[in-house]
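Side chains are part of it too, since the values below use all heavy atoms of this structure and drop only hydrogens, waters and symmetry mates.
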Amino acid sequence: MRIFRTDGVEVQALQGLDLLVADGELMALVGASGSGKSTLLGILAGLDVPTAGSATVAGFDLLAMDARARLRYRREVVGFVWQQTARNLLPYLTAVQNVVLPMQLSEGGGGRHARRRRVAHAEDLLGLLGLAHCRDRRSREMSGGEQQRTAIAVALANSPAVILADEPTGELDSATAEQVFAAFRTANEELGTTIVIVTHDQAVASQVRRTVAVHDGRMASEVLRRTEVDASGAERVVAREYAAVDRAGRLQLPRPYTEALEIRERVVLDLEEDHIRVSPDRKDGEGGEPRR
């Protein structure tokens with residue numbers, strides 16, 4: 001839970017959101033502005049602290065860390081990619097220097113051997129993401145997509161367990177956004193890095209195996225995708241949407257469903273042998289029985 005207090009007014013940005021991300025997973029968080037997804041990302045990044053509850057990333061208890069542990073956590077355990085390219089790269093450094101910098105801050109100066117090792121690792125990351133040609137370019141000499149892919153290399157510099165990305169394709173056209181997402185996919189597949197992306201871009205969200213929707217500070221639903229092969233050998237992606245049930249037994253019905261059936265205040269629940277039937281509460285009159 002995360003509660004913000006301003007002038008005596010409390011705003012609950014997160015309200016008991018339950019989310020489990022598997023090691024090595026590539027997933028997307030979606031939701032309208034004010035839904036709480038960016039607040040969640042800030043907590044996972046170690047930039048904010050929950051008011052209550054628990055948050056654990058790669059074995060680190062985010063509520064129990066002091067300032068020193070939190071700094072180490074941000075440097076070594078998580079990498080972060082912002083939407084604004086200016087927040088990801090220092091404009092007076094080249095691409096390779098930007099990637100080397102997090103390693104230098106984490107390890108200290110070191111000798112010539114350490115410097116060569118850091119540069120070699122930075123070059124490997126840039127090559128992995130298709131950016132070898134940008135090695136000696138500064139951000140003003142790179143396209144928006146190249147800048148964001150360089151930012152991913154920077155986030156990967158210290159071999160983090162998790163990369164968090166806040167609308168990383170929000171300022172890019174669709175073709176360039178696909179290149180940036182391909183870089184995330186490469187990092188996930190080749191390095192095994194867990195990646196959580198907050199996005200409004202449905203093209204990006206539809207390319208991950210799992211998409212989680214956040215609404216009013218709670219996990220509302222998730223879409224799981226899998227690839228099936230039909231009798232002719234053709235592959236197709238099958239998506240299935242699930243409503244999330246929290247520890248208190250609450251679930252949120254998807255808005256398109258409630259609007260289609262004109263569900264407003266309450267529903268009728270019927271416990272069947274192997275499922276629960278949810279029906280609109282439509283009455284003939286006051287005190288009447290629901291219509292079936």
Side-chain angles (χ1 to χ4, degrees), residues 26 28 41 45-47 71-199 201 203-204 207-208:
L26 169 59
L41 211 62
L47 301 172
L71 177 60
R72 175 174 170 263
Y73 170 82
R74 290 199 297 265
R75 283 182 176 175
E76 301 177 6
V77 181
V78 294
F80 204 95
V81 179
W82 300 95
Q83 175 180 348
Q84 300 84 3
T85 55
R87 300 184 68 176
N88 293 316
L89 305 176
L90 294 177
Y92 51 84
L93 296 181
T94 64
V96 72
Q97 289 170 340
N98 267 288
V99 181
V100 165
L101 183 60
M103 294 182 271
Q104 199 167 355
L105 292 173
S106 181
E107 300 171 4
R112 182 178 299 178
H113 176 71
R115 289 195 294 272
R116 286 178 177 174
R117 176 181 53 78
R118 290 194 288 261
V119 170
H121 182 50
E123 290 174 337
D124 287 344
L125 290 173
L126 291 172
L128 179 69
L129 302 182
L131 294 165
H133 62 286
C134 293
R135 182 194 188 283
D136 297 315
R137 295 182 185 177
R138 291 173 172 79
S139 56
R140 65 178 180 273
E141 300 169 314
M142 293 186 283
S143 67
E146 289 171 338
Q147 291 177 36
Q148 285 301 73
R149 284 187 284 154
T150 301
I152 297 172
V154 172
L156 288 166
N158 284 326
S159 302
V162 181
I163 283 185
L164 307 169
D166 191 3
E167 297 285 0
T169 62
E171 297 182 346
L172 306 174
D173 60 62
S174 58
T176 306
E178 168 55 32
Q179 294 175 354
V180 171
F181 181 76
F184 281 116
R185 189 163 48 229
T186 297
N188 174 252
E189 294 174 354
E190 298 295 328
L191 304 177
T193 308
T194 304
I195 299 176
V196 179
I197 302 174
V198 163
T199 182
D201 189 342
V204 171
Q207 294 185 60
V208 300

Pairs involving residues 148-161, ordered by first then second residue, that meet side chain to side chain donor-acceptor pair (under 3.5 Å) (sequence neighbours left out) | Asn88-Gln148
Straight-line distance of Asn98 CG to Ser139 OG, nearest 0.5 Å = 7.5 Å
Correct closest heavy-atom pair for Pro91 and Arg140 would be O-NH1, 4.1 Å
Considering only heavy atoms from C-beta outward, does the side chain of Asp124 approach that of Leu128 to under 4.5 Å?
-> no
Main-chain N/O of Ala45 paired with Arg74 side-chain donor or acceptor, under 3.5 Å = no
Is there a donor-acceptor pair under 3.5 Å between the side chain of Arg138 and the backbone N or O of Thr94?
-> no
Nearest 0.5 Å please: distance from the CG atom of Leu129 over to the CG atom of Leu126.
-> 7.0 Å
Would you say the side-chain atoms of Arg118 pair up with the backbone N or O of Met103, donor to acceptor, closer than 3.5 Å?
-> no
Counting only N and O atoms by type, is there a donor-acceptor contact under 3.5 Å from the side chain of Thr176 to the main-chain atoms of Leu172?
-> no
Who are the side chain to side chain donor-acceptor pair (under 3.5 Å) partners of Glu76, not counting sequence neighbours?
-> Arg72, Ser106
Note, Phe80 side chain near Leu41 side chain (heavy atom, < 4.5 Å) = yes
Can you pull the ring pair (Phe, Tyr, Trp, His ring centres under 6.0 Å) pairs that have at least one residue in residues 108-150, sequence neighbours excluded?
-> none
Can you name the side chain to side chain donor-acceptor pair (under 3.5 Å) partners of Gln104, sequence neighbours left out?
-> none
Distance col, row Leu26:CG vs Phe181:CZ, nearest 0.5 angstrom, shows 5.0 Å
Can we say Arg185 and Glu190 salt-bridge, meaning some charged N sits less than 4.0 Å from an Asp/Glu carboxylate O?
-> no
All heavy atoms of Ile195 vs all of Phe184, minimum pair found to be CD1-O, 3.1 Å
Out of Val154, Leu93, Val96, Leu89, which residue meets the side chain to side chain contact (heavy atoms under 4.5 Å, CB included) rule with Leu101?
-> Leu93
Atom pairs and distances, side-chain donor-acceptor, residues 162-171, under 3.5 Å, sequence neighbours left out:
from	atom 1	to	atom 2	distance (Å)
Glu167	OE1	His200	N	3.1
Glu167	OE2	His200	N	3.2
Glu167	OE2	His200	ND1	2.4

Let me see the working for Glu146 and Gln179 under side-chain contact (heavy atoms from CB on, under 4.5 Å), right down to the final yes or no.
-> CA-CA 9 Å; Glu146 289 171 338; Gln179 294 175 354; over 6 Å; no
Side-chain contact, heavy-atom cut-off 4.5 Å: Leu125 with Leu131?
-> no
Taking the side chain as every heavy atom from C-beta outward, state whether Glu107 and Arg117 have any pair of such atoms under 4.5 Å apart.
-> yes
Grab the two heavy atoms, one from Tyr92 and one from Gln97, that are nearest each other, plus how far apart they are.
-> O-OE1, 4.5 Å
Contacts of Gln83 meeting side chain to side chain donor-acceptor pair (under 3.5 Å) (sequence neighbours excluded), chain-then-number -> none
